[in-house]
Amino acid sequence: MEVVIVPDAAAGGELIADALAQLLRRKPDALLGVATGSTPLPVYQALAAKVRSGAVDTTRARIAQLDEYVGLPADHPESYRSVLRREVLDQLGIGMDAFLGPDGAAEDVRAACEAYDRALAEAGGVDLQILGIGTDGHIGFNEPCSSLVSRTRIKTLTEQTRVDNARFFDGDLTQVPHHVITQGIGTILEARHLVLLATGEGKADAVAATVEGPVAAVCPASALQLHGHATVVVDEAAASKLKLAEYFRHTYVNKPDWQGI
C-alpha cells in the first residue's frame with residue numbers, strides 16, 4: 001500500500017485526476033469505478049478541467065457505480081445513479097450507455113446484486129476504483145464487521161446514516177431509503193488499482209487503522225492492505241495520526257517520476 005500525503009483536498013484531487021488521465025491515455029476505454037459524496041468531488045472537477053482543456057479524452061471511458069439506494073427509481077434526483085450523472089458523467093462528456101450500476105429498483109434485489117457482479121466481470125473488471133472512507137473505516141456501504149470477501153449485496157442503513165442523508169431529501173427522514181446495494185469488499189478488491197482519498201481530521205483515526213492497523217473486519221478499509229496496487233491519498237489533517245508519516249513523505253518524494261501512483 002502506498003500512502004501519499006498532500007497539502008489539501010485540491011492537491012489530492014489533482015494527483016488522482018493525473019492518474020486517471022494517464023490510465024485513459026494507455027487504455028481509452030478503461031472502466032473507472034466512482035464513488036459519491038463530497039470527498040471525491042475534487043477528483044472529478046480536476047479531471048473535467050483536463051477534458052475541457054483537451055489534455056485527456058474520455059469519450060470511450062466507462063463508469064462503474066459503487067453503491068445505490070434500494071427502492072428509488074433510477075431517475076429519482078437523489079438516486080446515486082442520478083448524482084453520478086450530474087457530478088461525473090455530464091462533466092466528463094460520458095453518456096449513460098457507458099455506465100454500469102446495480103438496479104436499485106429491481107423486485108428481486110438479490111438477483112440484481114448477482115447480476116451486477118457478473119456485469120462487472122463481463123466488462124473486463126474495474127481498472128481504477130476511487131474510494132472514500134467513513135470515520136468508522138467503512139468503504140462503500142461495507143460497515144464495520146462486513147466480511148472481507150463479501151460480494152455485491154443489500155445492506156441496511158444505520159439510523160444515523162439515514163439522519164445524515166435526510167438533508168438530500170428536503171430534511172424528510174421518511175423519504176430516505178432503509179437499504180442500499182453496495183459492492184462487497186471482495187468485489188472492490190478485484191479492481192486493478194484502488195485509490196482511496198481521505199481529507200480532514202475527522203478521518204485521521206480511520207486512516208491510521210486502515211494503513212497501520214491489523215487487517216480486520218472491524219475496519220473494512222484495512223482490506224486494502226491485501227491488494228497488490230492500493231494507493232491512499234490523504235491531506236495533512238487526515239494523516240495526523242499516522243506513525244509512519246515521515247517515512248511515507250520520504251518514499252513518495254524520492255520515487256521515480258515515471259512510476260506514478
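The analysis underlying the following values was restricted to heavy atoms, covering all of them including side chains, and did not include hydrogens, waters or symmetry mates.
The distance from atom CG of Leu20 to atom CG of Leu47, rounded to the nearest 0.5 Å, is 5.5 Å. To the nearest 0.5 Å, atom CG of residue Asp103 and atom CD1 of residue Ile181 are 7.0 Å apart. Atoms NE2 and CG, on His229 and Leu128 in that order, are 8.0 Å from each other to the nearest 0.5 Å. Here the CG-CZ distance, from Leu72 to Arg81, works out to 11.5 Å after rounding to the nearest 0.5 Å. Rounding to the nearest 0.5 Å gives a distance of 11.0 Å between CZ of Arg118 and OG1 of Thr152.
For CZ of Arg110, the number of neighbouring non-hydrogen atoms (other residues, nucleotides, ligands) closer than 6.0 Å is 12 at most. Residue Glu201 qualifies as open at atom CD: its count of foreign heavy atoms under 6.0 Å is 12 or below.
No donor-acceptor distance shorter than 3.5 angstrom exists from the side chain of Asp136 to the backbone of Ala206, with no hydrogens or angles considered. One N or O on the side chain of Ser222 and one on the backbone of Ala216 form a donor-acceptor pair closer than 3.5 Å.
Looking only at side-chain heavy atoms (C-beta outward), Tyr44 and Leu92 stay at 4.5 Å or farther from each other. Residues Val34 and Gln65 are not in side-chain contact: their nearest non-hydrogen atoms beyond the backbone lie 4.5 Å or more apart. By the 4.5 Å heavy-atom criterion applied to side chains, Ile261 and Asp18 are not counted as neighbours.
In this structure, Lys50 pairs ionically with Glu14, as a charged nitrogen and a carboxylate oxygen lie closer than 4.0 Å.
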Carefully, step by step, assess Arg249 and Glu236 under the rule salt bridge (charged side-chain N to carboxylate O under 4.0 Å, His left out). CA-CA 11 Å; Arg249 290 189 180 94; Glu236 291 289 348; 2.6 Å; yes
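Screening His227, Gln183, Arg151, Gln129 for a side chain to side chain donor-acceptor pair (under 3.5 Å) involving Glu190 leaves a single residue, Arg151.
Criterion: ILVMFWY side-chain heavy atoms under 4.5 Å apart, direct or through other members. Under it, Val232 and Ile16 are not part of a common hydrophobic cluster.
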